[in-house]
Amino acid sequence: MPELPEVETIRRGLNKLSSQTVLKDFTKVSPYCFHDSENLLANSLNGSEPLTLSQFVRQGKYLIAEIKQCEQIAFLIIFHLRMTGKLIVTDTVIDWPKHTHFYFTLEDKARATHYLYFNDIRRFGGAVVLTKEQIKAYSSLTKLAFDAYTYKLAYTSSPLKESDALACFQNNLVKHPKTPIKSLLLDQTVIAGLGNIYADELLFINQIHPLSLVSYLSFEQISKLFYSIKPLLTQAIGHHGTTFSDYVDSLGHKGTFQLELKVYKRSKQACSICQTEICKIKIAGRSSHFCPKCQAYYGPKLN
DNA sequence: GGGGATACCTGAACGC
DNA sequence: TGCGTTCAGGTATCCC
């Protein structure tokens, strides 16, 4: 399932497309997953000036394509892959894979006609077309916290300083004194980009039980947790993300970071440190994997 | 207002 | 073999 490292891997792949790539056409294969309430894309495609695919930027798990016309940003396409969404570039089309919902026809000087298609088995993901003005009021993005990898907030050009990001992280955490730390790491208004896999791994690295409460953690523990996020994400990006079932990058290749995971999807296997059996519990409806010996619980006595 | 539960959705895995 | 059930999880929404 695409979290920050997987979306970043896809973004880097898509940005290898030329910034002069012309968006020639758009086709909806299904009625799902694509929302353009003002027909910005269709109307622009009918215009006399070509549309170019400028670049892809990322905020948390959102991927944003900047579409230019006459050197100006005409509109943006905001993608979210949720659980099983895929954005894949292909040169040839014989039959679109099952669950393909829409595709863009692209062209550039160095490459003949090629395609960027969106496929999503569960139809949780999708894309929405917005103008530069509309995106500033797009609540899904405006409410996001700073990005866990770049420390950038949406619509800002420069990232937060690391010390400011840490202060922001701590402030966002302490607003929820009664919520398990695992749930807070998944909360995109606390820190943007983490999902179930990397939240479990981070808590294992920091030896914190997922049910622990922030109010019982020291500043040193929160700092250590914060400073372990970027190295983990960097490592995962280096492995092109984690693939358990559906995730592939923009060329259809799987990631390999699943081979490095210490606890996620390893329940009933031995902990790599103490050999105790990894446990799995449900927290806020999500499976959480942890070592009951290595990861200490900080909070009121559990029933 | 905070926090938990649920809906959305399909395919894989599992049990009978 | 075939059918029904459960599980997977990011986000929006509902409810207590």
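Everything numeric here is computed off the predicted structure, so don't read it as measured data.
Nearest-nucleotide positions on DNA chain C place Lys282(A) closer to the 5' end than the other of Lys282(A) and Tyr62(A).
Residue pairs meeting the ring pair (Phe, Tyr, Trp, His ring centres under 6.0 Å) criterion with at least one member in residues 132-152 of chain A, sequence neighbours excluded: Tyr151(A)-Phe226(A).
Taking atom CG of Leu186(A) as the reference point, atom C1' of dG2(B) lies 17 Å away to the nearest angstrom. Note: CZ (Arg123(A)) to C1' (dT11(C)) measures 17 Å, nearest angstrom. Atom CG of Asp120(A) and atom P of dG9(C) are 16 Å apart (whole Å). Rounded to whole Å, the distance from CD on Glu3(A) to C1' on dG9(C) is 10 Å. Between the CG atom of Asp187(A) and the P atom of dA12(C) there is a distance of 11 Å, rounded to whole Å. Counting to the nearest Å, the P atom of dT11(C) and the CD1 atom of Ile78(A) are 15 Å from each other. In this structure, Gln188(A) atom CD and dT13(C) atom C1' are separated by 17 Å, rounded to whole Å. When the P atom of dG10(C) is taken as reference, atom CG of Asp200(A) falls 10 Å away, rounded to whole Å.
Comparing atom distances between the His80(A) side chain and each of dG10(C), dA12(C), dA8(C) picks out dG10(C) as nearest.
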If a protein heavy atom is under 4.0 Å from the base, mark B; if only from the sugar-phosphate, S; if neither, -; do that for nucleotides 3-8 of chain B going 5' to 3'. SS---B
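The aromatic rings of Phe56(A) and Phe79(A) sit tilted relative to each other, their planes meeting at an angle between 30° and 60°. Relative ring orientation between Phe104(A) and Phe102(A) is described as perpendicular, the plane-to-plane angle rising above 60° on a 0-90° scale split at 30° and 60°.
The minimum heavy-atom distance linking Gln69(A) with Ala74(A) is given by the pair CB-CB, 4.0 Å. When all heavy atoms are compared, the tightest approach of Phe204(A) to Cys291(A) is CE1-CB, 4.0 Å.
The residue Phe79(A) sits apart from the nucleic acid: no heavy atom pair falls under 4.0 Å.
Judged by distance alone, the side chain of Gln258(A) and the main-chain N or O of Thr243(A) form a donor-acceptor pair under 3.5 Å.
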